[in-house]
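Notes follow once the structure below has been shown.
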Amino acid sequence: MKRIGVFTSGGDAPGMNACIRAVVRGAVYHGIEVYGIRRGYSGMIAGDVYKMESHSVSNIVQRGGTILKSARSKDFMTPEGRKKAYDNLVELGIEGLVAIGGNGTFTGAMIFGNEYGIPTVGAPGTIDNDLYGTDYTIGFDTAVNTALDAIDRIRDTASSHDRIFFIEVMGRDSGYIAVQSGIAGGAELVMVPEVLTPISEVVETLKQGWSRSKSSSIIIVAEGDEEGSAQEVADKIKTQVDENADIRVTTLGHTQRGGPPSAYDRILASRLGLGALEGLIGGQKNVMAGIINNDLVYTPFEDTIRLPKPINEDLLRMVKILSV
Ligand code: F6P
């Protein structure tokens, strides 16, 4: 393999730049030309690519976002879009790809690989940590710490005013950020998409807290929870608790997607970027590089997409025990 492309796609995640850096520097080290593809599959279709050198990735290891930019391409979901992308890659002489992203990114890569045979190796970059085949995804640790910083601040004001706060964290289909930030932030309850927490249980938790003289409470709601958004959960609760209960809602939103990556994410991203590149050079295709029990492993895209990554229900149980 003489020339490869690298791109980021889907929702950005802190650490993607460290991952791009590892791919580019690794390619330079191995004597392989590397092209950066801007805006993921959109740039592949538009031919928006540029040759990257070692200095192209200087001074980015500490930066959030992605210097290659990111997008969710609708055109790549069509056979015509993928044909255009393939023609562009052939014209540029790109023989393999490193894809940094999440579920949608790898679904696209798998379909593309099956249609045109271009080998792709993925590096898991998403704050959601919802990919089978790796213990942690790039950006998750930073997002948890960003959420935690906000929870700590909210706890101060919640306590001063004797308030109940419902804090919504990201995770469309996944409660990982909610569980980890909830444990670390000392939440009373964590609501996640994977396990239903009925409104009656939330009400019960609050009432029990009051009976033990708790004057403020923090409830973390993952974005994708079945009972609805944090605002919807709060609205349902209002009618069922003491009418004097002082309730507030905070949605942390995209603050969790930005900011400098944590040391953990920089190291993880560096390992996964180099792992993806060296896998590609070594003949791997249509797989995602991951770290499981501190070992580098490759998992077929099909499995990372199809197989669920279950939440550890013991952790949810622990939240309840530790908030008595
Ligand atoms: O997949 C990462 C994620 O941040 C999800 O947690 C969230 O639901 C989604 O992306 C938000 O996407 P967008 O940035 O397109 O609004």
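Each ligand, and each atom within it, is numbered from 1 in the order the structure gives.
- What sits closest to atom 7 (C) of ligand 1 on the protein, heavy atoms only, is Glu223 OE1, 3.5 Å.
- Applying the side chain to side chain contact (heavy atoms under 4.5 Å, CB included) criterion to Asp246, with sequence neighbours excluded, gives Arg163, Arg248.
- Nearest non-hydrogen protein atom to atom 6 (O) of ligand 1 is Asp128 OD1, 2.7 Å.
- Considering backbone and side-chain atoms together, Gly171 places an N or O closer than 3.5 Å to an N or O of ligand 1.
- Here atom 10 (O) of ligand 1 lies nearest to Arg257 when heavy atoms of Arg172, Gln256, Arg257, His254 are compared.
- Between Pro119 and Leu280, some side-chain heavy-atom pair lies under the 4.5 Å cut-off.
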Would you list the atom pairs, donor with acceptor, under 3.5 Å between side chains in residues 314-324 and any protein atom, with sequence neighbours excluded?
from   : atom 1 : to     : atom 2 : distance (Å)
Lys320 : NZ     : Glu201 : OE2    : 2.8
Ser323 : OG     : Glu188 : O      : 3.2
Ser323 : OG     : Val319 : O      : 3.4
Ser323 : OG     : Lys320 : O      : 3.2

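- The protein atom (non-hydrogen) at minimum distance from atom 13 (P) of ligand 1 is Arg72 NH1, 3.4 Å.
- Side-chain contact annotation: Ser174 with Asp128, donor-acceptor N/O pair under 3.5 Å absent.
- A 4.5 Å side-chain heavy-atom check between Phe7 and Thr105 finds at least one atom pair inside the cut-off.
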